[in-house]
2 protein chains.
Amino acid sequence: MRNDDRRERLKAALLDGAERTIAESGLSGLKARDLAKEVGCALGAIYTVFPDLDALILSVNLRTLALFDRVIATVPLPPEPDGPPTPAQRDAAVATLVRLAVAYLHFAAQNTTRWRALFQHRVTQALPDWYLVEQVRLFRYIEAPLRVLRPDLGERERALLARSLFSATHGLVSLGLDEKLMVLSEPVLRGQIEVVVGALGRGLAEG
Amino acid sequence: MRNDDRRERLKAALLDGAERTIAESGLSGLKARDLAKEVGCALGAIYTVFPDLDALILSVNLRTLALFDRVIATVPLPPEPDGPPTPAQRDAAVATLVRLAVAYLHFAAQNTTRWRALFQHRVTQALPDWYLVEQVRLFRYIEAPLRVLRPDLGERERALLARSLFSATHGLVSLGLDEKLMVLSEPVLRGQIEVVVGALGRGLAEG
DNA sequence: CAGGTCTGTGAACGTTGTTCACAAACGCAT
DNA sequence: ATGCGTTTGTGAACAACGTTCACAGACCTG
C-alpha cells in the first residue's frame, strides 16, 4: 500500500512539473531528463508511471481542459423557450455565443502555452476515451444557445453545428495569437470575435 | 558559373525531395539523412544550401502557398458597386465568400499533409518578409466581397476583418480534418462551411 | 599546368526519447 | 526481528535525430 502511495505521489509530481514546464517553455521545452531532475527521480522512473511522454502530455492536457471547463461553466446560459424565440430571446442567445467565444479567447490568452499544447501536440495513436468525452462535454455549452437560435435542427445537426462554431472561434483565437501571422492584442481580437461571432449568430437565426 | 549551376540544381532537388517526403509522410517524416540519400548528396551538402531544415521547410511551404494561390485565383470575384449594394449583389458577395472558403477546404483536403505543414511548423525566429507578403496577397481575395458587404469599413478595418474571416474558415477546415476531434468527410465539412460562412456573410451585411 | 579558393564529404558531436540489467527497497511468512 | 521472493527505481547504454567541421577533392585563374 505504501508503494502505491509513492507511485501516486510520483505521478502527481511529474504532472505538476510537466505542467509547470509546459506553461513556462511550451511543449518543446519538456525534456525527460530535465523533468526527472526537477521532480527528483531517476530518468527511468518516468516510464514506470507513464508509457511515454505523449501519455504524460495527454494527462497535462486533460488538466487544462478541466481548468477551462471550470471557467466556461461560469458563463450564464439562456433559458430555452418552447416555441420560436422572440427577437429579445434571439439577441440573448447571440450574446451568449459571443460571451462563450470571448471566454475562450480570454482563457487562451491567459494560458497561452498550456492552451497551445492542446492542439500543437500531434497524436500518433488513437486518443483515449476520456479525452473525447471531455471534448463533447464542452461542446454542450454551445448547443444551448443554438437550441434557441435554431429550434428546427435535430440533435445531431445541432451537435455538428456546435462543433463548427467552436472550430470557427478556435480559428479566430488560434491564428490571432499565433506569431505566424501578426499577433493581435487581446482587445483587438475580442472586437473581431464580437463582430464575427455576432454576425454568425444573427445570420444563423434568419437563415 | 558551372558551380552556381550545380548549386541551383542541388537546391531544386532538395526542395523536390522534401516536398515529396512531406506530402507522403508529413513534416515529421522529413529526416536530413533520408533526404540526403534520396537526392544523392552528402548529409552536409544540405547545409551548404539551407542554413537548417527549418529554412528548407519554409521554402517548401512557399511552394505550397504559390500552388494554393493558383487555385484560389480561379474563383471569380464580384464586381464592386459604387453605392450601397442591391440585395442581389449582396447575395453574390456572400456566395463568393462561400466559394472561397470551399476552395480552401478543397485544397486542404487534397493536399492534406503539405497544407498541414504550413501551420504545424512552429517558427523559432522571425519569418522572412516574402512569407508575410504572400499571406497578405491571399487575404486580398477575401477583401473584394467584403467591400461589397461592408462598404462602410475603412481599408484597415476591412483587412482585419478579412483576416478574421480567413481565421474562422481555417478553424473549420483545420479541426474538421484533424484526427484530434473526429474527422469529418469533405462533403459534410463543405455543408458546414456553406452554413457557417453563409450565415456569417449575411450577418455581416445586415449588421 | 600549378596554385589557391571554394565546395561537398561523412565521421563525429550533442541532445533527444526510450530501454534494460542490476541493485535497492519493500511485503510477507516464519 | 529476520530472511527471502517480488516488485520498483536506477542510470548507463542505445538508437535516432539535427548540426558541425577538418579534410579531400573539384573548380577556376594566371
Donor-acceptor contact below 3.5 Å, side chain B:Arg7 vs main chain B:Thr48: yes
Sidechain N-carboxylate O distance under 4.0 Å for A:Arg150, A:Glu143: no
Electrostatic pair B:Asp16-B:Lys11, nearest N-O below 4.0 angstrom: no
Sub-4.0 Å heavy-atom contacts from residues 30-38 of chain A onto DNA chain C, ordered by number: A:Leu30, A:Lys31, A:Ala32, A:Arg33
Salt bridge (charged side-chain N to carboxylate O under 4.0 Å, His left out): pairs with one or both residues in residues 99-118 of chain B, sequence neighbours excluded: B:Glu19-B:Arg114, B:Arg116-B:Glu179
Donor-acceptor contact present, side-chain B:Thr113 to main-chain B:Gly26, <3.5 Å: no
Pairs touching residues 23-34 of chain A that satisfy salt bridge (charged side-chain N to carboxylate O under 4.0 Å, His left out), sequence neighbours left out: A:Arg20-A:Glu24
Heavy atoms from other residues, nucleotides or ligands near CG of A:Asp129 exceed 12 (cutoff 6.0 Å): no
Nearest-Å distance for atom pair CZ/P, residues B:Arg9 and C:dG8: 13 Å
Donor-acceptor contact below 3.5 Å, side chain B:Glu157 vs main chain B:Gly154: yes
Contact under 4.0 Å: B:Arg6 side-chain N or O vs D:dA26 OP1/OP2: no
Rounded distance in Å - CZ (B:Arg7) to P (D:dC28): 15 Å
Qualifying side-chain hydrogen bond (donor to acceptor under 3.5 Å, both in side chains) pairs, either residue in residues 159-172 of chain A, two or more places apart: A:Tyr104-A:His170, A:Ser164-B:Gln192
Distance in Å, B:Leu105 CG paired with B:Leu177 CG, rounded so as to fall on 0.5 Å steps: 6.5 Å
Nucleic acid contacts - residues 10-24 of chain B versus DNA chain C, non-hydrogen atoms under 4.0 Å: none
Contact list for DNA chain C against residues 39-59 of chain A - heavy-atom distance below 4.0 Å: A:Leu43, A:Tyr47, A:Asp52, A:Leu53
